[in-house]
J.: 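Pasting a structure below so you can have a look.
The basis for the numbers below is simple: all heavy atoms, side chains too, and nothing from hydrogens, waters or symmetry mates.
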Amino acid sequence: MPELAFSRRAALRGLGAAGLFAALTGCGVPAAFVPEDRRGGADRSERDKRVAFSNWPLYIDTDDEDEERRPTLDAFSEKTGIEVRYTEEINDNDEFFGKVSPALMNHQETGHDLVVVSDWMAARFVHLGWAQKMDRSAQPNVAAHLDPQLRSPAFDEGRLHTVPWQSGITGIAYNRKALGREIKSVGDLWQPDLAGKVTLFSGLDESFALLMQGNGVDVTRWTESDFHRMCDQVESMVKRKHIRRFTGNDYTSDLSKGDVLACQAYSGDAIQLQADNPDIEFVVPEEGAELWAESLLVPNLARHKANAEALVDYYYAPEVAAELAAAVNYVCPVPAAREVMAASGDKETAELAENPLIFPDGEMRKRLVVARDISSIERRSLAQRWNAIVGL
């Protein structure tokens, strides 16, 4: 189970890479855009059985006795003969973007065959033409098993360039016993008994959708006026000192220690919080919650594209997806993995199959949506408004 000391979704981002992206996309025309037919390079997969895969820390299964071993990757190599150079070098979306963007802008190799970034960052790669189209004919597991709710985000219709690694829900976590009542909606966060006991995420991309949903906004088609109305509301709560603070991944500590009673939270973190304290509950509000993903993509000029595609498809086999989901406890993007997990001879693993924060049930899914991403044109002004409220 991933440590709560690090949450890849809540990693704070600096403004450097965001500024770079704004410059690249000034006037709405990506200066560094690469057309589809110029993204591929000479694929060495056939003669060079390797793949360079970069991911976030603590985001894959490990062996109980040797944390350096990763059973699913070892099994892939044994099955295919493809050696995986796996690195946990992605600690922050913008930081990684800044690291690889000089090469991609200049049509050079990055040294990466496969990377995992949050979908709002994957949107940047796709909009700039820095992610290659995958060969779905070589990925039957992806075609058969990808969660229908994640198949066609606005930034990558049809999921031609990206594939979810894991998914999750941005909702509300709270201490039911200490609060003494239920939280059912985003509006419940603003009740007087939570004054000074609420935290929100500091990151714009992490925060905005749930808060807009609380105002009844359809976040698949939100407008700038919807955004500013939400900001007005949050700004008012800041002035009243109703919001204790804005957080990154440290929100879990505040809730565990009792410094706050309710907060924006991620479903993957909630599972471990509940294991440590059964009084903590995670709720998908009545108005709905954001379903998000961190996604795999193949950067331009990757040397081992076919090998990377084979690795992606391997993780969409239900038995492999189940093994990964049991380890990391995020929403599994392969619904068919639920039956595999339920049939496990290990009681704790089998019980995870019934957890709606790993396999959302039909009732919960009705309230989950994939939010429209923030366009490059919108980002500069919207980030300025939000960061001024948050204090970044």
J.: Any donor-acceptor pair under 3.5 Å linking the side-chain atoms of Ser295 with those of Asp119?
T.: yes
J.: Would you find more than 12 non-hydrogen atoms of other residues, nucleotides or ligands less than 6.0 Å from Lys177 atom NZ?
T.: no
J.: Is it true that Gln233 and His228 share a donor-acceptor pair across their side chains at a distance under 3.5 Å?
T.: no
J.: Could you state the interatomic distance from CG (Asn215) to CE (Met230), rounded to the nearest 0.5 Å?
T.: 8.0 Å
J.: Minimum heavy-atom separation for Ile90 to Trp56, with atom names?
T.: O-CE3, 3.0 Å
J.: Calculate, to the nearest 0.5 Å, the distance between atoms OG and NE2 belonging to Ser236 and His242 respectively.
T.: 10.0 Å
J.: Val115 versus Leu297: any side-chain heavy-atom pair under 4.5 Å?
T.: yes
J.: Hydrophobic side-chain clustering at under 4.5 Å (ILVMFWY, transitive links): who's grouped with Phe155? Put none if nobody.
T.: Val126
J.: Working to the nearest 0.5 angstrom, can you tell me the gap between Cys332 SG and Leu357 CG?
T.: 13.5 Å
J.: With a sphere of 6.0 Å drawn around CZ of Arg50, does it hold more than 12 non-hydrogen atoms of other residues, nucleotides or ligands?
T.: no
J.: Anything under 30° is parallel, anything over 60° is perpendicular, the rest tilted; go ahead and classify Phe201 against Tyr266.
T.: parallel
J.: A cation-pi test, strictly: NZ or CZ of Arg372 under 6.0 Å from the centre of the six-membered ring of Trp222 and no more than 45 degrees from its axis. Yes or no?
T.: yes
J.: Does one side chain, of Asp61 or Thr72, offer a donor that lies under 3.5 Å from an acceptor on the other?
T.: yes
J.: What closest approach, in Å, do Thr170 and Leu210 show between heavy atoms, and which atom pair accounts for it?
T.: O-CD1, 3.6 Å
J.: Does Lys305 pair with Glu309 as a salt bridge, N-O distance under 4.0 Å?
T.: yes
J.: Test salt bridge (charged side-chain N to carboxylate O under 4.0 Å, His left out) on Glu354 and Arg338; report intermediate values, then the result.
T.: CA-CA 8 Å; Glu354 303 305 317; Arg338 182 180 179 276; 3.0 Å; yes
J.: Applying side chain to side chain donor-acceptor pair (under 3.5 Å), name anything that partners Asn141, two or more places apart in sequence or on another chain.
T.: Asp313
J.: For Glu157 and Arg151, what are the C-alpha separation, side-chain angles and deciding distance, and is it a salt bridge (charged side-chain N to carboxylate O under 4.0 Å, His left out)?
T.: CA-CA 8 Å; Glu157 292 186 10; Arg151 282 184 180 269; over 6 Å; no
J.: Heavy atoms, side chains only, cut-off 4.5 Å: are Pro71 and Glu323 in contact?
T.: yes
J.: Can you list everything that forms a side chain to side chain donor-acceptor pair (under 3.5 Å) with Arg85? Sequence neighbours excluded, please.
T.: none
J.: Are the charged groups of Arg245 and Asp250 less than 4.0 angstrom apart, N to O?
T.: yes
J.: Looking only at heavy atoms, which two atoms of Phe359 and Leu352 are closest? And how far apart?
T.: CD1-O, 4.1 Å
J.: With a 4.5 Å limit on heavy-atom distance, are the side chains of Ile374 and Phe208 in contact?
T.: yes
J.: For Phe53, enumerate each residue passing the ring-ring contact (aromatic ring centres under 6.0 Å, His included) test, keeping only those at least two apart in sequence or located in another chain.
T.: Tyr86, Trp165
J.: Output the distance between atom CD (Gln132) and atom OG1 (Thr162), rounded to the nearest 0.5 Å.
T.: 13.5 Å
J.: Hey, is Arg70 close enough to Glu88 for a salt bridge, meaning N to O under 4.0 Å?
T.: yes
J.: If you define the side chain from C-beta out and look only at heavy atoms, does anything of His127 sit under 4.5 Å from Asp373?
T.: yes
J.: Before you tell me yes or no, could you show the steps for Glu89 and Ser54 under side-chain hydrogen bond (donor to acceptor under 3.5 Å, both in side chains), namely the whole-Å CA-CA distance, both residues' side-chain angles and the distance that decides it to 0.1 Å?
T.: CA-CA 6 Å; Glu89 64 175 291; Ser54 294; 2.8 Å; yes
J.: Which atom pair, heavy atoms only, marks the closest approach of Ile358 to Tyr330?
T.: CG2-O, 3.6 Å
J.: Please report the interatomic distance CG(Asn307) to CD1(Ile82), rounded to the nearest 0.5 Å.
T.: 4.0 Å
J.: Under 4.5 Å between any side-chain heavy atoms of Met212 and Asp218, yes or no?
T.: no
J.: Can you check whether Ile169's main-chain N or O pairs, donor with acceptor, with Ser267's side chain at less than 3.5 Å?
T.: yes
J.: Is the side chain of Asn55 donor-acceptor paired with the backbone N or O of Val116 at a distance under 3.5 Å, no angle test?
T.: no
J.: Mark yes or no for whether Ser167, through its side chain, and Trp292, through its backbone, hold a donor-acceptor pair below 3.5 Å.
T.: yes
J.: Check whether Arg39 reaches the backbone of Val34 with its side chain - one donor and one acceptor, N or O, closer than 3.5 Å.
T.: yes
J.: In the structure I gave you, are the side-chain heavy atoms of Asp147 and Val334 within less than 4.5 Å of one another anywhere?
T.: no
J.: So which atom in Asp113 and which in Arg303 form the shortest heavy-atom distance, rounded to 0.1 Å?
T.: OD1-N, 3.1 Å
J.: In chain order, what residues pass the side chain to side chain donor-acceptor pair (under 3.5 Å) check against Asp259, with sequence neighbours excluded?
T.: none
J.: Taking ring-ring contact (aromatic ring centres under 6.0 Å, His included) as the test, write out the residues that go with Phe282, two or more places apart.
T.: none
J.: I would like to know whether Ser344 and Asp346 meet side-chain hydrogen bond (donor to acceptor under 3.5 Å, both in side chains); could you show each step before the answer?
T.: CA-CA 5 Å; Ser344 172; Asp346 180 79; 5.1 Å; no
J.: Given salt bridge (charged side-chain N to carboxylate O under 4.0 Å, His left out), test Glu281 with Arg176 step by step and report yes or no.
T.: CA-CA 7 Å; Glu281 297 193 17; Arg176 170 71 182 273; 3.8 Å; yes
J.: For salt bridge (charged side-chain N to carboxylate O under 4.0 Å, His left out), just list the numbers for Arg124 and Asp94, CA-CA rounded to whole Å, side-chain angles, deciding distance to a tenth of an Å, and then say yes or no.
T.: CA-CA 10 Å; Arg124 292 186 185 180; Asp94 271 343; 2.7 Å; yes
J.: At what distance, to the nearest 0.5 angstrom, does CG of Leu204 lie from CG of Asn387?
T.: 7.0 Å
J.: Do the non-hydrogen side-chain atoms of Glu224 and Leu382 ever get within less than 4.5 Å of each other?
T.: yes
J.: Please check if atom CG in Asn106 has more than 12 non-hydrogen atoms from other residues, nucleotides or ligands closer than 6.0 Å.
T.: yes
J.: Using the rule given for side-chain hydrogen bond (donor to acceptor under 3.5 Å, both in side chains), can you reason through His304 versus Arg44, listing the C-alpha separation, both sets of side-chain angles and the distance that settles it, and then say yes or no?
T.: CA-CA 5 Å; His304 307 93; Arg44 307 175 189 179; 5.9 Å; no
J.: Report yes or no: is the cationic atom of Arg385 (NZ for Lys, CZ for Arg) closer than 6.0 Å to the six-membered ring centre of Phe227, at no more than 45° off its axis?
T.: no
J.: Under 4.5 Å between any side-chain heavy atoms of Leu189 and Ile172, yes or no?
T.: yes
J.: Of the non-hydrogen atoms in Val142 and Arg136, which two are nearest, and what is the gap between them?
T.: CG1-NE, 4.1 Å
J.: Would one find more than 12 heavy atoms of other residues, nucleotides or ligands at under 6.0 Å from atom CD of Glu339?
T.: no
J.: Run the numbers on Glu378 and Ser375 for side-chain hydrogen bond (donor to acceptor under 3.5 Å, both in side chains), then give the verdict.
T.: CA-CA 5 Å; Glu378 295 168 323; Ser375 73; 3.2 Å; yes
J.: Taking the six-membered ring for Trp and the full ring for Phe, Tyr or His, determine whether the centres of Tyr315 and Phe76 are under 6.0 Å apart.
T.: no
